[in-house]
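As a basis for the values below, the full set of heavy atoms in this structure was taken, side chains included, without hydrogen atoms, waters or symmetry mates. All of these numbers come straight from a predicted model, not from anything done at the bench.
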Amino acid sequence: MNTDFFAHKLISWYNRHKRDLPWRNTRNPYFIWLSEIILQQTRVVQGLPYYQKFIENFPTVQDLAAADEKEVLRLWQGLGYYSRARNLHTTAKMVVSEFGGVFPDTYNELLKLKGIGSYTAAAIASFSHDEKVAVLDGNVYRVLSRVFGVETDIAGKDAKKVFGKLATELLPDQQVSTYNQAIMEFGAIQCTPGLPQCMFCTFSPECSANELGKQSMLPVKSKKVKVKERFFHYFILEKEGRFAMKERNGKDVWSGMYDFYLTEQESMQDLSVLAGNDTFIDALLRESTISGESEKYLHILTHQRITAQFWHIQINPGSKIELPENLKYYSLNEIDDLPKSTLVNNYLKQYFFEK
DNA sequence: CAACCGTGGCT
DNA sequence: TAGCCAAGGTT
């Protein structure tokens with residue numbers, strides 16, 4: 001297929017079918033960047049309200065840079081992949097301190113920023129000023145693999161080279177912004193992962209997958225995620241109407257988010273076993289009152305199935321129990337403002353805020 | 001560089 | 001139900 005023909009036909013389709021999305025009505029690299037980070041591995045319907053919240057709370061990169069990380073994470077709460085929010089804040093501060101508050105818009109400059117990889121750099125550079133770089137995301141892999149019959153494994157290491165070469169060859173000289181958005185939009189609403197409606201597709205006459213009936217086989221993707229089972233036992237320590245929480249850190253899930261005292265076991269256990277395995281729990285149960293035991297929550301992540309149970313513990317007045325490192329007492333109002341995982345937030349909503 | 005990082009919707 | 005996956009990036 002002639003490359004000009006492909007781009008022209010795609011843009012024509014886009015002009016007829018594109019959705020009206022707020023980040024498409026701007027050339028401001030700051031707004032485009034916000035939308036791109038929010039939309040990484042995230043559906044438009046899920047990211048849309050977060051985009052609105054972020055541009056309202058942080059109209060400029062200076063506003064975002066001046067915020068506390070905790071505030072940024074709190075706004076990000078519920079969207080997942082929280083390193084995106086931490087990197088977002090780091091990058092905003094870097095733009096203010098090292099770029100004079102002017103958000104970079106060239107591919108090579110953008111690549112230097114935290115949380116911006118090859119896709120996001122290409123998206124911001126092309127959307128903001130038509131820089132001639134091809135975007136390569138899940139949509140582009142799918143569209144190119146089907147239309148041109150490319151059977152390279154998109155999870156393999158050759159994928160970026162093979163599809164990147166094709167994507168770059170197809171790039172038009174003009175309207176790069178429109179073209180890049182068009183190929184992604186086409187993948188999102190016409191050339192969909194599930195059974196696409198190929199009888200109504202503008203590329204049905206030229207599409208390799210349509211001709212060979214290989215739509216469901218493409219793109220080829222080899223990797224299967226293996227799911228790890230985890231068992232969380234949370235202890236909510238209450239003293240004088242305040243509750244002990246701590247910030248999670250390290251490389252585990254929910255880094256930067258707040259939760260309670262946690263003991264993790266290889267299966268769900270009762271209190272006597274927990275006390276035997278955990279000296280703090282043992283000491284705690286001797287000097288306090290168990291005031292509540294939650295149902296078991298099953299929390300599903302891409303790589304993990306977490307079963308969690310929450311025990312509510314009243315610390316007796318005059319108890320000599322000292323909180324383990326990092327735990328501090330917070331009022332319910334303060335807890336509302338802390339960034340929390342959806343698991344913890346679901347528990348709090350059920351047992352504190354909506355009861 | 002393979003593994004890891006969330007959540008919610010769909011089949 | 002179990003699996004897939006959605007505008008990826010980092011380590």
Side-chain angles (χ1 to χ4, degrees), chain A residues 14 18-19 21-24 31-51 73 76-88 90-91 110-127 134-143 153-160 163-164 167 177 180-189 191-195 216 219 221-230 248-257 259 297-306 339-346:
Chain A
Y14 180 68
K18 66 179 174 185
R19 294 166 290 181
L21 301 173
W23 46 84
R24 289 189 176 149
F31 291 133
I32 295 170
W33 166 68
L34 278 179
S35 73
E36 289 304 329
I37 303 300
I38 287 170
L39 291 172
Q40 286 171 4
Q41 298 290 283
T42 303
R43 295 170 195 279
V44 165
V45 287
Q46 191 185 1
L48 196 47
Y50 287 84
Y51 178 75
L73 281 171
W76 201 272
Q77 179 175 303
L79 196 53
Y81 285 153
Y82 297 99
S83 66
R84 289 184 294 171
R86 298 194 303 274
N87 289 334
L88 190 83
T90 300
T91 286
L110 287 162
L111 268 186
K112 299 174 183 172
L113 300 172
K114 278 247 168 45
I116 298 184
S118 56
Y119 161 75
T120 304
I124 299 172
S126 64
F127 298 172
V135 288
L136 209 54
D137 75 331
N139 290 307
V140 177
Y141 281 130
R142 186 169 56 256
V143 171
D153 182 357
I154 67 169
K157 64 182 189 71
D158 298 339
K160 199 161 180 177
F163 284 93
S177 170
N180 272 343
Q181 296 189 64
I183 192 168
M184 288 193 293
E185 186 77 340
F186 183 75
I189 66 181
C191 194
T192 52
L195 294 178
S216 64
K221 187 178 182 182
S222 64
K223 284 180 187 167
K224 314 290 183 194
V225 294
K226 60 177 179 183
V227 179
K228 181 179 175 185
E229 290 262 8
R230 302 180 72 176
R248 293 177 63 86
N249 47 38
K251 294 185 175 179
D252 203 356
V253 289
W254 303 320
S255 183
M257 312 300 274
D259 67 359
Y297 288 67
L298 178 60
H299 194 80
I300 310 285
L301 286 63
T302 302
H303 297 269
Q304 304 184 22
R305 284 170 49 97
I306 299 174
K340 300 166 293 289
S341 70
T342 293
L343 170 62
V344 167
N345 200 45
N346 284 344

task: Specify the separation, in whole Å, of atom NZ of A:Lys160 and atom C1' of C:dG8.
output: 9 Å

query: If you measure from the Lys or Arg side-chain nitrogens to the Asp or Glu carboxylate oxygens, is any gap between A:Arg230 and A:Asp252 under 4.0 Å?
result: yes

query: Considering residues at least two apart in sequence or located in another chain, which fulfil the side-chain hydrogen bond (donor to acceptor under 3.5 Å, both in side chains) criterion with A:Arg24?
result: A:Tyr14, A:Gln181, A:Glu185

statement: Here the distance between atom P of B:dC1 and atom CG of A:Asp158, to the nearest Å, is 11 Å

Between C:dA7 and B:dC4 - P atom distance, rounded Å: 24 Å

query: When you check every protein heavy atom under 4.0 Å of nucleotides 2-11 of chain B, what one-letter string (B, S, -) results, 5' to 3'?
result: B-BBBBBB--

task: Could you pull out the closest heavy-atom pair between A:Cys191 and A:Arg142, with the gap in Å?
output: O-NE, 2.7 Å

message: Need one value for A:Ser118: base, sugar-phosphate or nothing, where a base atom within 4.0 Å counts as base even if backbone is also close, heavy atoms only.
response: sugar-phosphate

- prompt: Looking for any heavy atom pair under 4.0 Å, which part of the strands does A:Trp23 touch: base, sugar-phosphate only, or nothing?
  reply: base

field: Value in whole Å for how far the P atom of C:dA7 lies from CD1 of A:Ile183
entry: 12 Å

message: Without decimals, in angstroms, what is the distance between A:Phe163 CZ and C:dG8 C1'?
response: 16 Å

task: Round to the nearest Å and state the distance from A:Lys112 atom NZ to C:dG9 atom C1'.
output: 19 Å

- request: Take atom CG of A:Leu195 as the centre, draw a 6.0 Å sphere, and report whether it contains more than 12 heavy atoms from other residues, nucleotides or ligands.
  value: no

Please tabulate, for side-chain N and O atoms in residues 113-121 of chain A, each donor-acceptor pair with protein atoms closer than 3.5 Å (sequence neighbours left out).
residue  : atom : partner  : partner atom : Å
A:Ser118 : OG   : A:Lys160 : NZ           : 2.7
A:Tyr119 : OH   : A:Glu36  : OE1          : 2.8
A:Thr120 : OG1  : A:Gln40  : NE2          : 3.0

task: Please report, rounded to the nearest Å, how far the C1' atom of C:dA7 is from the CG atom of A:Asn180.
output: 11 Å

message: Roughly how many Å apart are C:dG9 and B:dC1, using the C1' atom of each and rounding to a whole number?
response: 13 Å

query: In terms of the angle between their ring planes, are A:Trp76 and A:Tyr50 parallel, tilted or perpendicular, with boundaries placed at 30° and 60°?
result: tilted

- request: Classify the side-chain pair A:Ser255/A:Asn249 by whether it contains a donor and acceptor separated by less than 3.5 Å.
  value: no

task: Nearest-nucleotide wise, let me know which of A:Leu113 and A:Arg24 is further upstream toward the 5' end of DNA chain C.
output: A:Arg24

query: In whole angstroms, how far is the C1' atom of C:dC5 from the CZ atom of A:Arg142?
result: 9 Å

